[in-house]
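Below is one structure, written out as structure tokens; the observations come after it.
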Number of protein chains: 2
Amino acid sequence: MLSVPEAQQRLLPEMYPLLQSRYRILQTVQLMQPIGRRTLADSLKMTEREIRKETDILREQGLLDSQKSGMVCTDDGEVVIDKLRALVYEWSGLTQLAKLLENHFDLQHVIVVPGDYNEDDTILTLLGKEAAQQFMSTSFDGQIVAVTGGKSVASLAQFLHPTDTHNITFVAARGGIGHEMQMQANTLVSTFAMQMDAQYRTLFLPEHLSEQAYQAMLTEPMVTEMMKYYDHANCVIHGIGSAEEMAVRRNSSPEDLRILEEKGAVSEAFGYYFNAEGEIVHRIRTIGIQFEQVRRSKQVIAVAAGKQKVKAMLSYFKVAPKQTIFITDEVAAKAIAESLSS
Amino acid sequence: MLSVPEAQQRLLPEMYPLLQSRYRILQTVQLMQPIGRRTLADSLKMTEREIRKETDILREQGLLDSQKSGMVCTDDGEVVIDKLRALVYEWSGLTQLAKLLENHFDLQHVIVVPGDYNEDDTILTLLGKEAAQQFMSTSFDGQIVAVTGGKSVASLAQFLHPTDTHNITFVAARGGIGHEMQMQANTLVSTFAMQMDAQYRTLFLPEHLSEQAYQAMLTEPMVTEMMKYYDHANCVIHGIGSAEEMAVRRNSSPEDLRILEEKGAVSEAFGYYFNAEGEIVHRIRTIGIQFEQVRRSKQVIAVAAGKQKVKAMLSYFKVAPKQTIFITDEVAAKAIAESLSS
DNA sequence: ATATAGTGGGACGTAATATAACCCACCACT
DNA sequence: AGTGGTGGGTTATATTACGTCCCACTATAT
């Protein structure tokens, strides 16, 4: 039997793509407000005219407001976005995709965000929004949150805000001093903490330690303190990297690169490298959270998107903790689904 | 707070008239199938091109099928029509209109069908469909149904079909031999009975009897039998006429016409004439069901539509039995609502 | 058997609309 | 004070929608 929305879609087939595109526009305005026509058109890979036509209608409907500084989403607009999210995701097959991944990888929850991470600038923002929402909706007093680096994890920052929970502590999941300060764990924990009026602990350490230096560090007070935090972490927020990409970004030694290639490393997460079968084949020699500690954590939020990371995801999720909440984009999810069915 | 359909409508305001017109087309095809583009266009007062565009889409969606003899509604199409009826009526404000009349006239149920009885040929069919549905859904074994004449009542015929109830008897609510055989009570009861595999009783009598003839008739066996039926009628299906119209159609005597005008007759139902206050001011002198017998009937179905009958409706419903189910068209309902608010 | 009214599909010139690419005055930052 | 981004306006052009016929066919009624 047909449901009413199905019947409606049957009678008005052209409604579906229209709704989807208009929803996307309104959603993007909400995320990037205030924003102008041209910037919006660039961001969504649409023509200025198309944007103009749709925004005119949205403005007429009172979902959008045009100010001197650009277009902003009205309160009504936000309500509409919230109300229709489930419907749009359902129609786009995103819910089904999510369920598929959820079952296959045996994860707690999977959220698939519409669009292509590589094509659309707003996807990263969407990922962050969903992830932040997931995190905040389950946060509790005295929570200890381990956070890794990376663009995906960084995307949460703008959506974190103080909740009625207190005494949350963000800790950098790994020590490190890198080039891209903006994306580093140490930077992120301080940003996150600031957004949420919470505490944070950083760990500034060289990325690659010699065996002696490593052993020496283990007894340092600041390190033992961090280890204690790692042991009591209630939540881990992390990204998933493709092995090559990560190794290059960390400008690993030629020796390390050789080892990684030799051992068939495909994915990386919290300093561990996994091969295609999900086995740990290497670990960055630095202070950081242990995989076992991640496994014991009550909640794990994994954020990763983009087609280029599909292989890495397929590898890592062979061993990922079951309590993981995974947030990704449509393109990656579809690619995963395809590789599973073939 | 906004509901999902409301939010949808907010985001896609142009969807509403489109849905409405497309629904109307599909509905009309169902009622008049097989039907061609041009006939359909004439019937709906639309251009052929518009009909063509919409039917092309409907055909593509598998809701319609084009045969040599014309377009027909597929099974899927009928399902879609059923599923969306409530939604379309709701959006058109028909449900609200119906509730308004229901409350004001204190009736059991009011159904308002979209469109203008005078403009659109399909409205009569729609009225009949709804009325027939109401009747059949409440029919029971051994039911005695009194039926009057008129186009509105006749419209039920094509939608009546055998149900799992037995021993239904249709009886002509009034005796009569008129010109328009197709619309006469005697003709209708036989048609209704044939459609439903039921019994029927007719009463062929002159319309206007002299006092002596009337008194003589009362003792006739066929008349007394009918009287007994009237007394046990469980259901009355009738139309509502405007007084002038009816009097003319029945080519009443100049004397009667004078009396009617003098007494301010506005509406007519089962041979009774009512003035604007709903008081009985006249009665056709012929054998027929008594108003008191109608009042005692378990169910009363009144069918009447068209702007020209609004005054009559306003008059009759001042005294209509509370168990009446009233089926009318949008234009009439709106006119009534307006006259109530002013 | 034949006439006729009605059918779906096709075609075409025209009218209406959408489109892309600008310009402009203005504002908020830097 | 400069500069990049903003919404609004405009215009020639491309595209689509539209109304209106024509055609071959068929089912029904005469």
Side-chain angles (χ1 to χ4, degrees), chain A residues 11-15 17-22 24-74 76-77 120-122 125 158 182, chain B residues 12-22 24-74 76-77 120-122 125 158 182:
Chain A
L11 200 61
L12 291 172
E14 67 269 45
M15 171 184 69
L18 227 185
L19 176 67
Q20 183 160 321
S21 105
R22 201 168 290 174
R24 186 150 160 260
I25 292 170
L26 184 58
Q27 184 181 243
T28 308
V29 169
Q30 186 197 22
L31 293 177
M32 303 179 69
Q33 61 187 317
I35 187 176
R37 281 202 310 267
R38 285 164 281 267
T39 317
L40 194 55
D42 286 346
S43 177
L44 294 177
K45 305 269 187 296
M46 292 178 170
T47 67
E48 184 192 335
R49 204 59 189 77
E50 196 173 353
I51 293 290
R52 191 168 195 167
K53 191 179 65 175
E54 301 296 350
T55 52
D56 280 350
I57 297 172
L58 291 172
R59 192 176 309 111
E60 219 167 75
Q61 289 294 310
L63 305 176
L64 219 69
D65 197 24
S66 279
Q67 302 176 348
K68 289 290 178 188
S69 56
M71 295 178 286
V72 293
C73 190
T74 64
D76 279 12
D120 191 334
D121 307 333
T122 64
T125 323
Q158 66 174 295
Q182 294 291 346
Chain B
L12 290 173
E14 66 269 46
M15 172 184 69
Y16 163 66
L18 227 184
L19 176 68
Q20 183 160 320
S21 104
R22 201 169 291 175
R24 186 150 160 259
I25 292 171
L26 184 59
Q27 185 180 243
T28 309
V29 169
Q30 185 198 20
L31 293 177
M32 303 180 69
Q33 61 187 316
I35 188 178
R37 280 202 311 267
R38 284 164 283 268
T39 317
L40 195 55
D42 286 346
S43 177
L44 294 177
K45 304 273 187 293
M46 292 179 169
T47 67
E48 185 191 334
R49 204 65 180 80
E50 196 172 351
I51 294 290
R52 191 168 197 166
K53 191 180 67 175
E54 301 296 350
T55 53
D56 280 349
I57 297 172
L58 292 172
R59 193 175 308 113
E60 222 167 72
Q61 289 294 311
L63 304 176
L64 247 140
D65 197 22
S66 277
Q67 302 176 350
K68 288 291 177 188
S69 56
M71 296 178 286
V72 292
C73 189
T74 64
D76 279 13
D120 191 334
D121 308 332
T122 65
T125 323
Q158 65 174 297
Q182 294 290 344

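Side chains included, hydrogens not; waters and symmetry mates left out as well; all remaining heavy atoms used. Chain identifiers are assigned alphabetically (A, B, ...) following the order of the sequence lines, protein sequences preceding nucleic acid strands; residue numbering begins at 1 within each chain.
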Starting from P on D/dG4, measure out to CG on A/Asp42 and report it in whole angstrom. 15 Å
Please give, in whole Å, the distance from C/dC29 C1' to A/Gln67 CD? 16 Å
Between the side-chain atoms of B/Arg37 and the base atoms of C/dG9, is any donor-acceptor pair under 3.5 Å? yes
Please round to the nearest 0.5 Å and tell me the distance separating atom OG1 of A/Thr47 and atom NZ of A/Lys53. 8.5 Å
Which of these nucleotides, C/dC27, D/dG5, C/dA11, is closest to any side-chain atom of B/Arg49? C/dA11
Could you check how far CD1 of A/Ile35 sits from C1' of D/dG4, rounded to whole Å? 14 Å
Closest-nucleotide mapping onto DNA chain D: is A/Gly70 or B/Ser69 further toward the 5' terminus? I mean the 5' end. A/Gly70
Rounded to whole Å, the CD1-C1' distance (B/Ile57 to D/dA17) equals 12 Å
Nearest whole angstrom, please: distance from the P of D/dG8 to the CG of A/Asp56. 8 Å
Measuring from the side chain of A/Met71 (C-beta onward, heavy atoms only), which nucleotide among C/dC22, D/dG19, D/dG7 has the closest atom? D/dG7
What's the separation between atom CD in A/Glu54 and atom CZ in A/Arg49, rounded to the nearest 0.5 Å? 10.5 Å
From CD of B/Glu14 over to P of C/dT17, roughly how many Å is that when rounded to an integer? 15 Å
Ignoring hydrogens and angles, are the base of C/dG8 and the side chain of B/Arg38 linked by a donor-acceptor pair under 3.5 Å? yes
May I have the distance from A/Glu60 (atom CD) to D/dG7 (atom P), rounded to whole angstrom? 17 Å
Can you tell me which nucleotide in D/dT26, C/dT7, D/dT20 comes closest to the side chain of B/Glu48? D/dT20
With respect to the side chain of A/Thr39, which nucleotide from D/dT6, D/dG19, C/dC27 is positioned closest? D/dT6
Between atom CE of A/Met46 and atom CD1 of A/Ile51, what is the distance when rounded to the nearest 0.5 Å? 5.5 Å
Tell me whether the side-chain N/O atoms of B/Lys53 come closer than 4.0 Å to OP1 or OP2 in D/dC18. yes
Heavy-atom nearest nucleotide on DNA chain C for A/Glu50 versus B/Gly36: which residue maps closer to 5'? B/Gly36
If I take atom CD1 in residue B/Ile51 and atom C1' in nucleotide C/dG8, what distance separates them, rounded to the nearest angstrom? 14 Å
Determine, step by step, whether A/Asp76 and A/Thr74 satisfy the side chain to side chain donor-acceptor pair (under 3.5 Å) criterion, reporting the C-alpha distance in whole Å, the side-chain angles of both residues, the deciding distance to 0.1 Å, and the verdict. CA-CA 5 Å; A/Asp76 279 12; A/Thr74 64; 5.4 Å; no
dist A/Ser43:OG -> A/Ile25:CD1 (nearest 0.5 Å) comes out at 11.0 Å
Applying a 4.0 Å non-hydrogen cut-off, can you work out what B/Arg52 is touching in the nucleic acid: base, sugar-phosphate, or nothing? base
